[in-house]
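The structure appears right after this line, and notes come after that.
Everything numeric in this text was worked out from a predicted model, so none of it was measured. Throughout, residue positions are numbered sequentially from 1 according to the sequence presented.
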Amino acid sequence: MALMDFIKKQFIDILEWTETGDGTLAWRYPMAGNEIQYGGSLTVRESQMAVFVNEGKVADVFGPGRYTLTTNTLPILTYLQNWDKLFQSPFKSDVYFFSTRQQIDQRWGTTQPVTIRDKDFGAVRLRAFGNYSYRIADPKLFYQQISGTRDLYTVADLDGQLRALMLQHISDAVAGSGLAFLDLAANQVEFANQLRLATAAAFEAIGLKLEMVTLQNISLPEELQKILDQKIGMGMVGDMGKFMQYQTAQSMPKFAEGAGQGGVVGDAMGLGAGVALGQVMANQLNQGLKGAQPAAEAAAPVGVKPDEVMATIEKLADLKSKGILTQEEFDAKKAELLKKLV
């Protein structure tokens, strides 16, 4: 019976892997109990690597090329199996092929807003998504840490883990870029590069190389987006005079609408009680504007009512609490308004 089994046993003399599609990272050559012919041929194509495993231990690793399997080309396996120089018999070994070409168009993105520190807004919750690509750089490490003895290991099997690694390092990427959130949209390449640098070590730890990261979109929660839109609307300037001109201009249509509908404010303005407020608005709009008419520049200052000053200060305090005004800007404008009461 033993002699018949030996006769029926087939010896493998050609080892190779032709990838039939995308998405395969590791493939185990189907031995089915057969042995490898001594002096057989191993072909490793470009964008591939092959690993021989002896009784669970990684032995020899081969890059692209064609090899004749002898004790000379299998030094580690020869050592593990204690072959002598005259050894020329068939032998057993598990053989794994690994694809080293780039796995492109992999997606990453935040399912929930991620909280990061920002030098302008303090703590910011943002959403972001983009693409990345990677490849196997160390097949021995990848076999030991990820694929193991499985017959087939695919990109889909690894997708969730890699996506989590990308999201885990978003905060590190923002900190490493040194950019405020308002500048990230204009520096997407820099942010993506920082995310790649922050995540690269985690990929290397499992035998991978993170080749490229792209950022397609980054966004804020709705409430913070409103504040951002307001800052953009005023040209994002720090000059208090221009800021007050902008705020006054934004308020004028609402007062006019109230006057047309007979509301409390509109009635007051219609009766003349809001004349002083209107003159103050006009003066604020004229301040700092170039090319103003001499007559408007020579207009005499109009007295300001205490309740108007207090209302303006409260409005400025609200803007300061939202981060639109700095403490210095608020203090300066507050002092300026209080002088008008003297």
Side-chain angles (χ1 to χ4, degrees), residues 1-103 134-155 157-158 161 200-211:
M1 181 64 72
L3 179 60
M4 292 301 297
D5 291 341
F6 177 79
I7 295 175
K8 292 180 179 178
K9 181 176 292 185
Q10 297 180 357
F11 299 113
I12 300 172
D13 58 358
I14 298 177
L15 291 168
E16 62 181 351
W17 176 38
T18 303
E19 298 181 61
T20 57
D22 295 329
T24 300
L25 295 174
W27 177 74
R28 178 180 181 177
Y29 191 93
M31 292 297 180
N34 297 320
E35 295 182 348
I36 301 172
Q37 178 67 54
Y38 183 86
S41 172
L42 169 67
T43 301
V44 182
R45 292 175 169 80
E46 290 289 345
S47 75
Q48 291 181 359
M49 294 190 77
V51 174
F52 280 66
V53 178
N54 177 63
E55 296 180 353
K57 294 183 179 180
V58 175
D60 300 278
V61 179
F62 294 87
R66 185 179 183 278
Y67 305 88
T68 299
L69 301 176
T70 65
T71 54
N72 292 329
T73 56
L74 295 166
I76 300 178
L77 190 61
T78 298
Y79 171 77
L80 293 176
Q81 297 203 11
N82 297 315
W83 294 337
D84 57 33
K85 294 181 179 179
L86 299 178
F87 177 84
Q88 293 186 357
S89 302
F91 58 91
K92 286 186 176 182
S93 177
D94 291 324
V95 181
Y96 294 86
F97 286 86
F98 295 85
S99 174
T100 59
R101 60 193 176 94
Q102 285 195 43
Q103 305 300 326
Y134 69 92
R135 64 179 179 87
I136 294 179
D138 188 338
K140 177 180 178 180
L141 186 58
F142 185 80
Y143 168 83
Q144 294 171 331
Q145 299 293 328
I146 301 296
S147 61
T149 60
R150 289 178 54 173
D151 292 336
L152 187 70
Y153 202 91
T154 67
V155 170
D157 294 327
L158 198 57
Q161 176 67 18
F203 275 63
E204 291 174 3
I206 57 176
L208 302 177
K209 181 179 180 182
L210 182 58
E211 293 285 357

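With rounding to the nearest 0.5 angstrom, the OH atom of Tyr79 is 12.0 Å from the CG atom of Asn54. Put simply, CD1 on Ile146 and CD1 on Ile206 are 4.5 Å apart, with the number rounded to the nearest 0.5 Å. To the nearest 0.5 Å, the span separating OG1 on Thr154 from CG on Asp22 amounts to 12.0 Å. Separation of atoms OH (Tyr134) and CG (Leu210) is listed at 10.5 Å; rounding is to 0.5 Å. To the nearest 0.5 angstrom, Ile136 atom CD1 is 14.0 Å from Lys209 atom NZ.
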*Hey, mind stepping through Leu15 and Met31 against side-chain contact (heavy atoms from CB on, under 4.5 Å) and telling me if it holds?*
CA-CA 10 Å; Leu15 291 168; Met31 292 297 180; 4.1 Å; yes

*Start with the C-alpha gap between Met49 and Val61, add the side-chain angles, then the distance that decides, and say whether side-chain contact (heavy atoms from CB on, under 4.5 Å) holds.*
CA-CA 7 Å; Met49 294 190 77; Val61 179; 3.8 Å; yes

*Do Leu158 and Phe142 pass the side-chain contact (heavy atoms from CB on, under 4.5 Å) test, and can you show the C-alpha distance, the side-chain angles, and the key distance before you say yes or no?*
CA-CA 11 Å; Leu158 198 57; Phe142 185 80; 4.0 Å; yes

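Asn72 places none of its side-chain heavy atoms less than 4.5 Å from the side chain of Thr78. Between Leu42 and Glu16, the closest side-chain pair of non-hydrogen atoms is not below 4.5 Å. For the pair Val44/Phe62, a side-chain contact is recorded, criterion being any heavy-atom separation below 4.5 Å from C-beta on. Residues Ile36 and Phe11 form no side-chain contact, since every pair of their non-hydrogen atoms from C-beta on lies 4.5 Å or further apart. The shortest distance between side-chain heavy atoms of Phe52 and Leu69 falls below 4.5 Å. Residues Arg45 and Thr18 are in side-chain contact: their nearest non-hydrogen atoms beyond the backbone lie under 4.5 Å apart. Residues Gln103 and Leu25 meet the side-chain proximity criterion, which asks for heavy atoms closer than 4.5 Å. Within the 4.5 Å cutoff, no side-chain heavy atoms of Ile12 are placed close to those of Gln37.
The backbone N or O of Thr149 lies less than 3.5 Å from no partner atom in the side chain of Tyr153, so there is not a single donor-acceptor pair. At least one donor-acceptor pair under 3.5 Å links the side chain of Gln48 to the backbone N or O of Trp17. At least one donor-acceptor pair closer than 3.5 Å links the side chain of Ser93 to the backbone N or O of Val53.
Closest of all the heavy-atom pairs between Ala205 and Gln145 is O-CG, 4.0 Å. Taking both residues in full, the closest heavy atoms of Pro139 and Val51 are given as CB-CG2, 4.0 Å, listed atom of the first, atom of the second, then distance. Looking at every heavy atom in both residues, Leu141 comes nearest to Gly207 through CD2-N, 3.5 Å. Taking all atoms of both residues into account, the shortest heavy-atom contact from Thr71 to Tyr38 is N-OH, 3.5 Å. Taking every heavy atom of both residues into account, Ser99 and Thr24 meet most closely at CB-O, 3.4 Å.
The salt bridge (charged side-chain N to carboxylate O under 4.0 Å, His left out) check on Glu211 picks up Arg135, with sequence neighbours excluded. Evaluation of the ring-ring contact (aromatic ring centres under 6.0 Å, His included) rule for Phe98 yields no partner, not counting sequence neighbours.
Among pairs with a residue in residues 54-69, none fulfils salt bridge (charged side-chain N to carboxylate O under 4.0 Å, His left out), at least two apart in sequence or across chains.
Classified by interplanar angle (parallel below 30°, tilted 30° to 60°, perpendicular above 60°), the ring pair Trp83/Phe87 is parallel. Taking the six-membered ring where the residue is Trp, Tyr29 and Phe97 present tilted rings, their angle falling between 30° and 60°.
Salt-bridge check for Asp157 with Arg150: passed, with a basic side-chain N closer than 4.0 Å to an acidic carboxylate O. We find that Arg101 and Glu19 are joined by a salt bridge, their nearest charged nitrogen and carboxylate oxygen being less than 4.0 Å apart.
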